[in-house]
Novice: 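After the structure tokens below, expect a handful of questions from me.
Both ligands and their constituent atoms are indexed starting at 1 by order of listing. Worth saying up front: this structure is predicted, and the values here are computed from it rather than measured. Position 1 is the first residue of the sequence, and the numbers go up from there.
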Amino acid sequence: MYTQSLDVPDGDHSGKPALKAVARPLNEAELARQTQLQTRFDERIDADQKIEPQDWMPEAYRKTLVRQISQHAHSEIIGMQPEGNWISRAPSLKRKAILLAKVQDEGGHGLYLYSAAETLGTSREQMLDSLHTGRAKYSSIFNYPTLTWADVGVIGWLVDGAAIMNQIPLCRCSYGPYARAMIRVCKEESFHQRQGYESLLAQMKGTPAQRDMVQDAVNRWWWPVLAMFGPPDADSPNSAQGMRWGIKRVSNDELRQKFVDATVPQARVLGVMLPDPDLKWNEERQQHDYGAIDWDEFWATVNGNGPCNKERLGTRVKAHMEGQWVRDAALAHAAKQKARQLKEVA
Ligand code: BYC
């Protein structure tokens, strides 16, 4: 039976309603209107037109977008931590300036993405609350430690490289604000990937100890980066609907394959081995075969039990609490400005 949800708080970024929906059957006129809106929406999706914030959209489409965009935003701001750890230890002024700019960019990506998600009717406070209380997901990759300076280069090369592969198709996402935010994000990610690769090239031209350090970092990051694209298509509950709605354009497995094929020649130029004995060119498929990903490790990390989950969330909550006075001061200033303007008008 068709029903209409009444007064359902849209607060939980996870896409699941925070309170139980109060539903009543739709009358005939409402049902006809609902069907018309749904048909119009489907036609626009089929015609590859953008959906904008003021447009009607099915609740499930809205919730999927809030889930994905807020997870993406959380990944960006949590993703500042592993590299941020190295800002004070960068080996030269040049590397420090580049790293500072990169980490600031990630913060900026988080802000664009929270703004894009806010256009769907969920507030930033609600999204951050979900993150801080552990209800929200963020990318598994940021729960791994950065043990040496080479890790910073490898994050740029592989993690940002994987992010670009995933995010270029999102520039064509059916939801306008997300697609537009992605264009700028991708341009910046491209600089991030190149600076990482260039830093690794310099280290590989250094001493044997530096080359060993790069190889060790590649060995530790390779498999978590492959898992970052998400579960295999056959085990990906959100993929089919995400593709139907034009949110996802390319599947998890296809993106992973494209990433492997693009990265193998880059590893060769760099002079590092990718730690997979099963990695080889398949003449018939014209793609690389690669070994089995440890999905148990992936799910353990996604579910809060990776190497650094507690540390990452703890640092984020502490930063938020310590920033309370800034938010209070900004609000007090805005209230003062408004009062002054009202006085001038009166
Ligand atoms: N980590 O049905 P699936 C960056 C979850 S930041 C954790 O395939 P979907 C950067 C998934 O959410 C890059 N969870 O889902 C920043 C779902 O759970 P829920 C971040 C993951 O949504 C700083 C469940 O597994 N990029 O580049 O169709 C420095 C089943 O998955 C992961 C984005 O966020 C994961 N890796 O596809 C450097 C891109 N993978 O929500 C770099 C935008 C899957 O149902 N997001 N899960 O409870 C996407 O493209 C898609 O959401 C995903 C997953 C491909 C990630």
Novice: Any N/O of E76 closer than 3.5 Å to an N/O of ligand 1?
Specialist: no
Novice: Considering distance alone, does some N or O of R67 sit under 3.5 Å from an N or O of ligand 1?
Specialist: yes
Novice: Any N/O of N252 closer than 3.5 Å to an N/O of ligand 1?
Specialist: yes
Novice: Tell me the nearest of R249, K248, Q68 to atom 54 (C) of ligand 1, using heavy-atom distances.
Specialist: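 Nearest heavy atom to atom 54 (C) of ligand 1 lies in K248.
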Novice: Decide whether an N or O pair under 3.5 Å exists between K137 and ligand 1.
Specialist: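 Yes: some nitrogen or oxygen of K137 is under 3.5 Å from one in ligand 1.
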Novice: Pair Q71, H74 - check side-chain hydrogen bond (donor to acceptor under 3.5 Å, both in side chains), show working.
Specialist: CA-CA 5 Å; Q71 282 177 7; H74 300 329; over 6 Å; no
Novice: Is V302 in polar range of ligand 1, meaning some N or O pair under 3.5 Å apart?
Specialist: no
Novice: With sequence neighbours excluded, tell me which residues meet salt bridge (Lys or Arg N to Asp or Glu O under 4.0 Å) with D253.
Specialist: R256
Novice: For Q54, does the CD atom sit with more than 12 other heavy atoms under 6.0 Å from it, leaving out its own atoms?
Specialist: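 Count over threshold, so yes.
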Novice: For N238, is at least one N or O under 3.5 Å away from an N or O on ligand 1?
Specialist: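 Yes, at least one N or O pair falls under 3.5 Å.
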Novice: Quick check on Q286: does its CD atom have over 12 non-hydrogen neighbours (other residues, nucleotides or ligands) under 6.0 Å away?
Specialist: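 For Q286, atom CD is crowded (more than 12 foreign heavy atoms under 6.0 Å).
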Novice: Considering residues, nucleotides and ligands other than R33, do more than 12 of their heavy atoms fall under 6.0 Å from its CZ?
Specialist: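 For R33, atom CZ is not crowded (no more than 12 foreign heavy atoms under 6.0 Å).
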Novice: Could you list the atoms of ligand 1 found under 4.0 angstrom from a heavy atom of Y178?
Specialist: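 The atoms of ligand 1 under 4.0 Å from a heavy atom of Y178 are 43 (C).
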Novice: State whether the shortest distance between N or O atoms of N166 and N or O atoms of ligand 1 falls below 3.5 angstrom.
Specialist: yes
Novice: Please state whether S139 comes within less than 4.0 angstrom of ligand 1, counting heavy atoms only.
Specialist: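 S139: in contact with ligand 1 (<4.0 Å).
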Novice: Please could you name the atoms of ligand 1 that F229 approaches to less than 4.0 Å, counting only its heavy atoms?
Specialist: 55 (C)
Novice: So for atom NZ, which belongs to K258, do other residues, nucleotides or ligands contribute more than 12 heavy atoms lying within a distance under 6.0 Å?
Specialist: no
Novice: Any nitrogen or oxygen of P237 lying under 3.5 Å from a nitrogen or oxygen in ligand 1? Just yes or no.
Specialist: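 Yes; at least one N/O pair falls below 3.5 Å.
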Novice: Determine whether the side chain, the backbone, both or neither of A162 has a heavy atom under 4.0 Å from any heavy atom of ligand 1.
Specialist: neither
Novice: Specify the closest pair of heavy atoms between E83 and L99, including all atoms of both residues, with the distance to one decimal.
Specialist: O-CD2, 3.7 Å
Novice: Hey, does H192 sit under 4.0 Å from ligand 1 if you only count heavy atoms?
Specialist: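 H192 does not count as a contact of ligand 1 under the 4.0 Å cut-off.
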Novice: Please state whether M80 comes within less than 4.0 angstrom of ligand 1, counting heavy atoms only.
Specialist: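 It does not; every heavy atom stays at 4.0 Å or beyond.
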Novice: Which bit of I141 is near ligand 1, meaning a heavy atom under 4.0 Å away: side chain, backbone, both or neither?
Specialist: neither
Novice: Work out which heavy atom in T122 is nearest to a heavy atom in M127; give both atom names and the distance.
Specialist: O-CE, 3.6 Å
Novice: Indicate, as side chain, backbone, both or neither, the part of F298 found under 4.0 angstrom from ligand 1 when only non-hydrogen atoms are considered.
Specialist: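 F298 to ligand 1: side-chain contact only, backbone stays beyond 4.0 Å.
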Novice: Give a yes or no on whether the backbone of T148 and the side-chain of D151 come within a donor-acceptor separation of less than 3.5 Å.
Specialist: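 Confirmed, D151 side chain pairs with T148 backbone.
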